[in-house]
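Notes to accompany the following structure.
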Amino acid sequence: MQRQLTIIRRGVAEIVPEQSLVQKLRRSILTGKPLRVKLGMDPTAPDIHLGHTVVLNKIRQLQELGHIAHLVIGDFTGQIGDPTDKAETRKQLTPQQVEENARTYKEQVFKVLDPEKTELVHNSTWLAPLRFAEVVRLASTLTVARMLEREDFTKRFRENRPIHVHEFFYPLMQAYDSVALHTDIELGGTDQKFNLLMGRTLQREFGQQEQVALMMPLLEGLDGIHKMSKSLGNYIGIDEPTQQMYGKAMSIPDVLMPRYFELVSQVSNEELVAIQSGLADGSYHPRDAKMRLAREVVTRFLGEQAAEEAEKHWREVFQQGDLPSDIPEANLAAGRYWVIRLLVELGLAGSNSEARRAVEQGAVRVDGQRVEDVNAELDVRDGTVVQVGKRRFQRCRTVGV
RNA sequence: GGAGGGGUACCAAAGUGGUCAAAUGGGGCGGACUGUAAAUCCGUUGCGGAAGCUUCGAAGGUUCGAAUCCUUCCCCCUCCA
């Protein structure tokens, strides 16, 4: 049991109440019955990113300890939208959209979870048939004041932004999921605290044993400040193109390395300690740590070969400043081109003005030669490579045009 | 139903008749530097090869001149009930 606790505790932000977790584990070990672990997935945004995997990793660990996971597809709640941390009311999705998103979710989620020990359930199964009287009973368990304790609601209220009544039902529905599933442990980010605790309240109301709320920290995104989220664009999706995924991993701020290793990487606890102390005393270069992490992440989601390619590309282009081995090609008639036109033609600039700026700023190279004159006219041959900045390239193909 | 506040560029937010293509911050892009696409510093950020053109919720109007004034419309928020 001590072993289980050590594993479970890694990277966790908060366990409420911890004592209850200990009891549940003990009971599980004695009876040989696995604990029922729940994770709700709101199918509004179908793409899973590294931030989501923090919680998924934890579930995976629990699965490896023998416990069983219920993955709740919030097909019903998804039509409401969790107001958590949202500045505005989310738009409600149609059932078709929810189904579509849920499908994508499933595919991605099993890159982390063990399908053998995962049960997929839809919460419309038990939420849709509820009668109004039952809904009222749920609603009667909490007060408006209590609801407004939630920071996001308070904030919106204070800032005169709208809060719709149906949004109040979100926590209740999520909590009711726990009742329906007899959940022992519910996982979520720290921002889910209110919802997770609501599950305890409702389970008590229904005479069940209360679940343990296990909260994971919110992973900071590429900007190093805000939590990783799709809407902020500071995320690494687990379905991204190889080089992009590797590159994004390399652009994580140095200071976040210890955290990423703790929450994202699967290195053993011993290695984790070694890495973190190495980073702390400077004996381990943050870049090397980052390359290791980037490689691990790409390997995990896209395979080892992809990871190798990505690393090679990285070394060529950014460490040695060489041309990458795979430059996108564009067909073009041979001849003389005005630089600006050439850039726009190749899609390396969105407008003439933008292209001119790039040249003025010394960002443009043609066959390795920096072009500084905005009025330059250039000969384009087959194979001419045009580069803007450090990472945008186009090779011209004049054959067959 | 009544009273009030507001809609400015990718986002936030100044600007209330000319000096506004529109301050400032964030973001983006670029440069320098660093064996990192990190950090830091600097530059740049409507379109246009130039003259110039089009932008401040929408449409009209006043004026030599409007993001700024007037009219109508659309959208958002708050308070009272």
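Throughout, a chain's letter reflects where its sequence line sits, starting with A, and its residues are numbered from 1.
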Between A9(B) and C56(B) - P atom distance, rounded Å: 9 Å
Figure out the CZ/P separation between F318(A) and G31(B), and round it to whole Å. 11 Å
Does R357(A) reach a base, just sugar-phosphate, or nothing at all? Heavy atoms under 4.0 Å. sugar-phosphate
Salt bridge check, E262(A) against R10(A): does any charged N sit closer than 4.0 Å to a carboxylate O? no
Give me the distance, rounded to whole Å, that separates C42(B) from U34(B) when you measure between the C1' atoms they each carry. 16 Å
Looking only at atom C1', what distance separates C47(B) and A22(B), rounded to whole Å? 16 Å
Under the 3.5 Å rule, do the base of G43(B) and the side chain of Q361(A) count as making a donor-acceptor pair? yes
Can we say D184(A) and K38(A) salt-bridge, meaning some charged N sits less than 4.0 Å from an Asp/Glu carboxylate O? no
Under a 4.0 Å threshold between the charged nitrogen and the carboxylate oxygen, would E296(A) count as salt-bridged to R292(A)? no
Does R137(A) count as lying over the ring of F206(A), i.e. NZ or CZ under 6.0 Å from the six-ring centre, within 45 degrees of the axis? yes
Got a sec? Which of residues 320-329 of chain A come in under 4.0 Å of RNA chain B, heavy atoms? none
Reckon R365(A) has a side-chain N or O less than 4.0 Å from the OP1 or OP2 of G30(B)? no
Out of G30(B), G31(B), A38(B), which has the shortest distance to the side chain of R370(A)? G31(B)
Check ion pair R200(A)-E186(A) (N to O, under 4.0 angstrom): no
Mind checking whether F318(A) and W314(A) have parallel, tilted or perpendicular rings, split at 30° and 60°? tilted
Rounded distance in Å between the C1' positions of G52(B) and U62(B): 27 Å
P atoms of G17(B) and A81(B), separation to the nearest Å: 38 Å
With a 4.5 Å heavy-atom cut-off, do K58(A) and V12(A) have their side chains touching? yes
Taking side-chain contact (heavy atoms from CB on, under 4.5 Å) as the criterion, tell me which of L348(A), V359(A), L346(A) meets it with V388(A). L348(A)
Rounded distance in Å between the C1' positions of G15(B) and G7(B): 15 Å
Could you identify the nucleotide paired to A67(B), looking across every strand shown and requiring Watson-Crick or G-U wobble geometry with both distances under 3.5 Å? none
Answer yes or no: is there an ion pair linking E316(A) with K312(A), defined by an N-O contact shorter than 4.0 Å? yes
Qualifying residue for side-chain hydrogen bond (donor to acceptor under 3.5 Å, both in side chains) with H67(A), from K117(A), R36(A), Q4(A): Q4(A)
Against the six-membered ring of Y235(A), is K248(A) placed for a cation-pi contact (under 6.0 Å from the centre, within 45° of the normal)? yes
Just call it for E377(A): base, sugar-phosphate, or nothing, with non-hydrogen atoms closer than 4.0 Å on any strand. base
In numerical order, the residues of residues 346-355 of chain A whose heavy atoms come under 4.0 Å of RNA chain B are S351(A), N352(A), S353(A)
How long is the line joining NZ of K390(A) and C1' of G35(B), in whole Å? 14 Å
Please confirm whether the shortest side-chain N or O distance from R392(A) to OP1 or OP2 of G30(B) is below 4.0 Å. yes
Paired with G43(B): which nucleotide, if any, by Watson-Crick or G-U wobble criteria at under 3.5 Å for both distances? C29(B)
Would you mind checking if K193(A) and E14(A) are paired as a salt bridge, meaning a charged N to carboxylate O distance below 4.0 Å? yes
Is there a Watson-Crick or G-U wobble partner for G1(B) with both distances under 3.5 Å, and which nucleotide is it? C80(B)
With rounding to the closest Å, how many angstrom separate the C1' atoms on G48(B) and G43(B)? 22 Å
Kindly state which residues belonging to residues 285-296 of chain A come within less than 4.0 angstrom of RNA chain B, counting heavy atoms of the residue only, listed by number. R287(A), K290(A)
So what does G362(A) touch, heavy atoms closer than 4.0 Å: a base, only the sugar-phosphate, or nothing? sugar-phosphate
Measuring only the P atom in each nucleotide, how far is U45(B) from C80(B)? A whole number of Å is fine. 48 Å
Give A363(A) one of three labels, base, sugar-phosphate or nothing, depending on what nucleic acid heavy atoms sit under 4.0 Å from its own. sugar-phosphate
